[in-house]
Amino acid sequence: MDPAALHELRVVEAELNERWPETKIEPSLDRIRALTDLLAEPQRGYPIVHIAGTNGKSSTTRIVDALLTGLELRTGRYTSPHLQLATERIGVDGGPISPEGYVEAYRDVAPYVSIVDSRNDVKMSKFEVLTGMAFAAFAEAPVDVGVVEVGLGGSWDATNVADANVAVICPVALDHAEYLGTDLAGIAREKAGIIKPDSVVVMASQPAEAQQVIMNRIAEVDATVAREGQEFGVLERTVAVGGQLLKLQGLGGVYDEIFLPLHGEHQARNAALALAAVEAFFGAGAQRQLDVDRIRAGFASVIVPGRLERVRAAPTVLVDAAHNPHGARALADALSSEFSFRKLVAVVGVLGDKDARGILSELEPVVEELVLTRNSSARSLDPDELAGIALDIFGQDRIMVEPRLDNAVEQAIQLAEETDDPGESVSGGGVVITGSVVTAGEARALFGKEPA
């Protein structure tokens, strides 16, 4: 990348970071509505697929994006948070916006942001500004469709100034308890706020209390629903080299011989959810199926960085952005069902506001040894404090502490290569680096992976 462009990007990020962070919210759409009004409502210039839920949002968003691109639509993709570089958040044509494009998008909206700031006691948050940038960049491109991931919650999320043609509700679980609470029904109600009148809702399987709330919202606004396990789902799944082979029941029939270059049953279910969303977008149904060859090509092109991503071989090193117990459970299931490591070592760095105990408890059955560390975030949990939590779960003999992530990874690789039997081959060990999106992103950078 051009050093001058990266410098300008860093300048813009420094300006944005002076605003409220994404972890601080004030439940109102007034500021983002004021901005989009000043920008002539760019979010209404193209249809939108809007994606909410607790886990699987980013993966589902990227799969939807890949499928729509494979069907020859020009897409705009908005996701959060980023793993390595802020440009990952705003994508056009299936890839991240350039640093120059990101800076230009910011400079274009900045005068209007200043106007909104001057009219409100609370200035626009970083996420609100980024959302305005994304909507404006999509209109400028212009795109045929926007694929938009909710940042936090749903009803009061800045992205909810858009009225989606298709609303996707990924699995709902407990996360961000300090903002969304610990009432699953209440969390589901917040996420169901993206469902608008006359839209199509594509819903993953949900806990009963969450499903009831979502169905109530669907009835309230007279939306149409397609449900995993009823109108669509995974029919067959076979582990394959580099991913899995799927047979999916879609709204328009069966799609077979689908290669998905992602690991885990949870990603297969995300794939079925994304397929149904794309079918709903095109109006596919019992009398109309999408082009199967293009769907296959779209699935084969999927890239989801930091989700059980292999960054090294011999020993295998995987990076996963699981940051809550639900995500850690999906990770553990995939590790046990799709990999046969002689010994698996986990490097874990968790943010202080997350359920570290829940994450570690889900990983314990599949991990032999644990190297606890921290990432560069100011919110990162101190590794010694993390070790105190891990002690009850793993026991003293299975825990090591390495405050620096690079040292922790090096230590984990050494542990994975060790064997008690001098005659045994040292091959077959594995390392998984997880616990936070920030940890995953910094691990990718350590192994020379480019932002995607």
Test salt bridge (Lys or Arg N to Asp or Glu O under 4.0 Å) on D163 and K196; report intermediate values, then the result. CA-CA 6 Å; D163 291 329; K196 304 297 174 62; 2.9 Å; yes

Salt bridge between [X] and [Y], side-chain N to carboxylate O under 4.0 Å?
X	Y	answer
E104	R107	no
D293	R296	yes
K126	E13	yes
D93	R77	no
E265	R237	no
E22	R379	no

Can you spot which of R19, R33, R31 makes a side chain to side chain donor-acceptor pair (under 3.5 Å) with E128?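 The single option meeting the side chain to side chain donor-acceptor pair (under 3.5 Å) with E128 is R31.
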
Pair E257, K247 - check salt bridge (Lys or Arg N to Asp or Glu O under 4.0 Å), show working. CA-CA 6 Å; E257 298 180 13; K247 183 176 181 181; over 6 Å; no

What do the steps show when you test V366 against S336 for side chain to side chain contact (heavy atoms under 4.5 Å, CB included), and what is the final call? CA-CA 6 Å; V366 300; S336 62; 3.9 Å; yes

Sole candidate of V409, T373, N375 that passes side chain to side chain contact (heavy atoms under 4.5 Å, CB included) when paired with E442: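 Checked V409, T373, N375 against E442; only one passes side chain to side chain contact (heavy atoms under 4.5 Å, CB included): N375.
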
How long is the gap from [atom1] on [X] to [atom2] on [Y], to the nearest 0.5 Å?
X	Y	atom1	atom2	value
H50	D157	NE2	CG	6.0 Å
T60	I169	OG1	CD1	11.0 Å
H323	L331	NE2	CG	12.5 Å

Between [X] and [Y], do the side chains contain an N or O donor and an N or O acceptor separated by less than 3.5 Å?
X	Y	value
N120	D30	no
Y255	Q249	no
R310	T316	yes

Determine the minimum heavy-atom distance between G53 and K191, stating which atoms define it.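 Answer, listing the atom of G53 first, then K191: O-NZ, 3.3 Å.
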
Heavy-atom donor-acceptor pair, T131 side chain to F127 backbone, under 3.5 Å: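 Here the side-chain-to-backbone pair exists.
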
Can you check side-chain hydrogen bond (donor to acceptor under 3.5 Å, both in side chains) on S80 and E149, steps first, answer last? CA-CA 7 Å; S80 62; E149 176 188 352; 4.8 Å; no

Step-by-step side chain to side chain contact (heavy atoms under 4.5 Å, CB included) determination, V234 to L248: CA-CA 5 Å; V234 180; L248 302 176; 4.0 Å; yes

Could you walk me through whether K57 and N270 pass the side-chain hydrogen bond (donor to acceptor under 3.5 Å, both in side chains) test, one step at a time? CA-CA 9 Å; K57 295 194 303 293; N270 289 338; over 6 Å; no

Is there a side-chain hydrogen bond (donor to acceptor under 3.5 Å, both in side chains) between Y78 and T159? Walk through the geometry before answering. CA-CA 9 Å; Y78 184 47; T159 62; over 6 Å; no

